[in-house]
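Since the structure comes first, as structure tokens, the remarks are kept for the end.
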Amino acid sequence: MSTEENPAAAPRSLAEALRGRDDVSLAALLRSRPDLITPVPTDLTQLATRAGTRASVVRALERLDRFTLQTAQALAIASEPATYDELLGLMAGDDGDPAVSAALPHALGTLREQALVWGGDDRLRLVRTARELLAPSPQHPSPTGLGPTVREAGAGISPGRIQEILTTAGLPSTHDSVSALDALTGLFDDPERMSALLDQAPSESVEVLERLVWGPPYGQVTADPAPRLRWLLDRGLLLPTAPGTVVLPREVALRLRAGRAHRTTEPVPPPVEAAAAHRPQMVDATAAGQAYTALATVEELLKDWHEGGPGVLRAGGLSVRDLKRTAVALDVPEPVAAFWVELAYAAGLLASDGEADERYAATPAYDEWLERPAGERWARLATAWLAATRTPGLVGERDAKDRTLSALGPGLDRSSAPEVRHRVLALLAGLPEGAAPDTGSLLARLRWERPPRADRTGGGPGGGAPSPYARRTPAPPAEQARGAAARAGGSGAPGYPADGASAAGGDDDLRSRLARWTLAEAEMLGVTGRGALSSHGRALIGAPPAPRHTDPQTEPTGPGDKLPVHHRQAPAPPALSPAEQATAAAAAARLLDPLLPEPLDHVLLQADLTAVAPGPLERPLADMLGVLADVESKGGATVYRFTPASVRRALDAGRSAADLHAFLAAHSRTPVPQPLAYLVDDVARRHGHLRVGAASSYVRCDDDAVLNEILADKRAAGLGLRRLAPTVLAARTDPAALLEGLRAMGFAPAAESAEGDVLIARADAYRTPPRTPPEPVPDGPPVPDDTLLAAAIRAVRAGDLASTAPRKPVGGAAGGAPGELPRTSAADTLAGLQAAVLTNDTLWIGYVNAEGGASQRVIAPIRVEGGFVTAYDHTADEVRTYPLHRITGVAELAE
């Protein structure tokens, strides 16, 4: 039986409406608004109260799509309670709109599911807090562009003036202002009488109404209004709200709008259009090439920081100078370098060492990561990127305190970043295979799913355009400030798409920038290729197989081919649990592995002391070649150059000249050039001829002429050298500084230990202590899983049953006012509990825990002994034991 047939069955409050829901409906509410069970409420009344708090309602409204939000805005200006037909009229207008009629039940169902609307179709009620937030007022304009009702606007008008308006409008006078305003409202709500009244209006007056009808509805008039305004004021079509200020009443505006609350409704989400199409094989190959480059870039970054990277700023993060040096070393722009640094940090491969002179370096996890297959290494980077809340695109901008945001520093976390990344990739997954999206349509879709703040507070697409009425009332200062922030322009960071958004913009501005950054970062990381989602990128987010074209006329044949914009959008992939994400990452790695180039075991040595690697090298070969030579250029083929310093570096690492000759001969497809062999032999001949140790430090050499040459060199003055013996020099500097000083003078000394053995310097020996990757900053409470939901609903229902059970006093002691703990003497409490054990009755008790927190509970006592009562607690839905001295009193439940 519906509430129309049985009005008594209609819920009288949100708590009663929630009480009538089944467990599935309550689970849907708690899943969509997880803040409601943090912590778990004691009963449904507390759940309803929490669902009506301002913070929770604002959070729920911010997560509505545009049409659902427009539905809530329409309910905010409808009568209370409203009927479904009234709401449909406000959304679809007098002429009706089939698309709106078809989409409205789903939007209303969403509002009901999230407990923002309650009641049957004949008595729809918007939660009071939501109505206060969305209803129009002078301080908070509505996106509908509507003003106050006739009754609200006319509350401050004198009774005599109201009667004059009635007479001029052709209505009979009344005895009081309330009935007069009701009569005026009836006139404006009547289409026929309203049309007859407007037919009499001068054209200039109609023009004024047309300027105000879509908002803002406020304007200013002088003490002696013009005739066109006087005609409207005399008939109540404009009503004064303050000296010199008039407003277009809501009923008049709705009649002029043909009943529509919004100028434009958007019941259907805008499709994401395909800007270009490419062959799927080309997309996967391009993405795989980018994925390989991503792995090589991260390795190169951490190899560059092997001996301890740049220092940590006092406030945390990487200095601008160090970021520039890193960008030069990686041969990328600074914002792109910031992205790779932040990605390595998010994946747990990079961290600070925590020492007094704190520096950044690779973590032990980096060594483990290097041993994994290439696909798995890429999957770790990609999953870390998806879940990271740190936003490298903000590096170089300023925070609220006008401090520059630095890479690896504080202030880069944005809790909405993971959600935006997942949503952008999900929308790409809905396009046909190989299709690259049109960025404008993608951003339009995201704005529909999460409308910008302007659409929630006024001035957005759902509301009216600014009225050209010459003397509009200025917006409140807060609105002006928001408008100024929205108008502030700026360019995006170099290396990222410029979007014209300033760093000082709000979350709405950031959401669009995050979407653009996601597209750029996904391309750099190899999740997409040529702008289209790759097969391994699709597997990474758990998306189903891509839709394919069946029309040969629209089948893409090459890059840049256009796709029809009316393709069917595939459903978005579901959110993945951690276990599902791990499975998806493994599947993505399996798809990527065959696409990556096979590493080579050889190079091509050339007579100009260079080596050309025609492709990726096997790791041992690449590591050794990185020590023996310097990288001169990168690309499809990497060019290495051999220098005396690089050869000495290999000798310092423990290699002998014979080892180097054997290595070059074994890994070169061309004969070892004679100049390279001479270079190795020449450096090796001089290497170790000098020995440096700690005395503070010393230099020893069997050739005293070499030591004489060092002492005579003016560049050695700062080393504090003095002769100890014909073959030994002592120095005031430490061994490391002495080594560097002698090398700068052109010598090739070797370091030795206290035992006289040559020390082998390994450039990749420094690591931080074990570090965990940074934890993402959550965007509110996490969505509860099914187990937690079931337990929470069971506890809430048990508590609600206990709290709503009727009670009666025991032993003549009153239970007290609602919400007050029952109070009985210790003797009566003990007697009541013992009697309940014998009769299997249920009691209502007051209980104070060890922390002093008081609560009411409904229990079924099982036994009373030793100063404790063991009972089944209906409130907690479990058996518990309570000390008798903490029970304030007992009361029986009524029949």
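These numbers were taken from a predicted model, which means no experiment stands behind them.
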Taking all non-hydrogen atoms of both residues, which atom of P437 and which atom of V272 are closest, and how far apart?
CB-CG1, 4.1 Å
L408 CG to L350 CG distance, which is reported to the nearest 0.5 Å:
6.0 Å
Are side-chain heavy atoms of R511 and E419 found at a separation under 4.5 Å?
yes
CG of L604 to CD of Q606: how many Å apart, nearest 0.5 Å?
7.0 Å
So, D413 versus T389: side-chain donor-acceptor pair below 3.5 Å or not?
yes
Would you say that L617 contacts Y640 through its side chain, given a criterion of any heavy-atom pair below 4.5 Å between the two side chains?
yes
Do S534 and D284 come within less than 4.5 Å of each other through their side chains, counting heavy atoms only?
yes
Working to the nearest 0.5 angstrom, can you tell me the gap between R447 CZ and R450 CZ?
15.0 Å
If we ignore hydrogens and angles and just use 3.5 Å, is the side chain of R423 paired with the main-chain N or O of E449 as donor and acceptor?
no
Between A338 and A407, what is the shortest heavy-atom contact and its length?
CB-CB, 4.3 Å
What distance separates L605 CG from L609 CG, expressed to the nearest 0.5 Å?
10.0 Å
With a 4.5 Å cut-off on side-chain heavy atoms, are P310 and W305 touching?
yes
Indicate whether any N or O donor in one side chain lies under 3.5 Å from an N or O acceptor in the other, for R398 and T404.
yes
Gap separating the CD atom of E580 from the CD1 atom of I541, nearest 0.5 angstrom:
13.5 Å
Presence of salt bridge, R649 and D652, under 4.0 angstrom
no
N/O donor-acceptor pair under 3.5 Å between R538 side chain and A429 backbone:
yes
When you measure from the side chain of T528 to the backbone of E523, do you find a donor-acceptor pair of N or O atoms at a distance under 3.5 Å?
yes
Sidechain N-carboxylate O distance under 4.0 Å for E397, R513
yes
Give a yes or no answer on whether the side chain of T363 reaches the backbone of G348 with a donor-acceptor pair at less than 3.5 Å.
yes
For the pair H536 and L540, evaluate side chain to side chain contact (heavy atoms under 4.5 Å, CB included) and give the outcome as yes or no after the intermediate values.
CA-CA 6 Å; H536 50 274; L540 183 68; over 6 Å; no
Take Y345 and V341, measure what side chain to side chain contact (heavy atoms under 4.5 Å, CB included) needs, and give me the verdict at the end.
CA-CA 6 Å; Y345 177 59; V341 169; 5.6 Å; no
Looking only at heavy atoms, which two atoms of A288 and L595 are closest? And how far apart?
CB-CB, 3.5 Å
May I have the step-by-step check of side chain to side chain contact (heavy atoms under 4.5 Å, CB included) for T391 and L394, ending in yes or no?
CA-CA 6 Å; T391 311; L394 296 173; 4.0 Å; yes
If you take all heavy atoms of V283 and G434, which pair is closest and at what distance?
CG2-CA, 4.0 Å
Could you check whether atom CZ of R669 has more than 12 heavy atoms from other residues, nucleotides or ligands sitting under 6.0 Å from it?
no
Contacts of type salt bridge (Lys or Arg N to Asp or Glu O under 4.0 Å), residue E299, not counting sequence neighbours
R377, R619
Give the minimum heavy-atom separation between A347 and A384, together with the two atoms involved.
CA-CB, 3.7 Å
Would you say CG of D331 has more than 12 non-hydrogen atoms from neighbouring residues, nucleotides or ligands within 6.0 angstrom?
no
Polar side-chain atom of E334 near backbone of T326 as donor-acceptor pair, under 3.5 Å
no
Could you check V527, D593, L596 and say which one makes a side-chain contact (heavy atoms from CB on, under 4.5 Å) with W378?
V527
Give me the atom names and distance for the closest heavy-atom approach of S512 to L443.
O-CD2, 4.0 Å
Would you confirm whether T286, through its side chain, and R530, through its main-chain N or O, come within 3.5 Å as a donor-acceptor pair?
no
Compare all side-chain heavy atoms of L510 with those of W517 and state whether any distance is below 4.5 angstrom.
yes
Any donor-acceptor pair under 3.5 Å linking the side chain of T383 with the backbone of A379?
yes
State whether the side chain of R421 and the backbone N or O of A388 hold a donor-acceptor pair below 3.5 Å, judged by distance alone.
yes
I want to check something: taking the side chain as every heavy atom from C-beta on, are R641 and D608 in contact at a cut-off of under 4.5 Å?
yes
Where the side chain of R403 meets the backbone of A400, is there a donor-acceptor pair that is under 3.5 Å apart?
no
Could you go through L323 and V395, starting from their C-alpha distance and side-chain angles, then the distance that decides it, and tell me whether this counts as side chain to side chain contact (heavy atoms under 4.5 Å, CB included)?
CA-CA 10 Å; L323 180 61; V395 172; 4.1 Å; yes
When you check the gap from the basic side-chain N to the acidic O, do D367 and R767 get nearer than 4.0 Å?
yes
List in chain and number order the residues that pass salt bridge (Lys or Arg N to Asp or Glu O under 4.0 Å) with E618, two or more places apart in sequence or in another chain; answer none if no residue qualifies.
none
Looking only at atom types and distance, does a side-chain atom of S646 sit under 3.5 Å from a main-chain N or O of F642, one as donor and one as acceptor?
no
Counting C-beta onward and ignoring hydrogens, is there a side-chain heavy-atom pair between W385 and L381 closer than 4.5 Å?
no
Starting at CZ of R655, measure out to CG of L660 and round the result to the nearest 0.5 Å.
7.5 Å
Any heavy-atom pair between the side chains of P418 and L386 that's under 4.5 Å?
no
Lys/Arg-Asp/Glu bridge criterion (N-O < 4.0 Å) met for E521, R516:
no
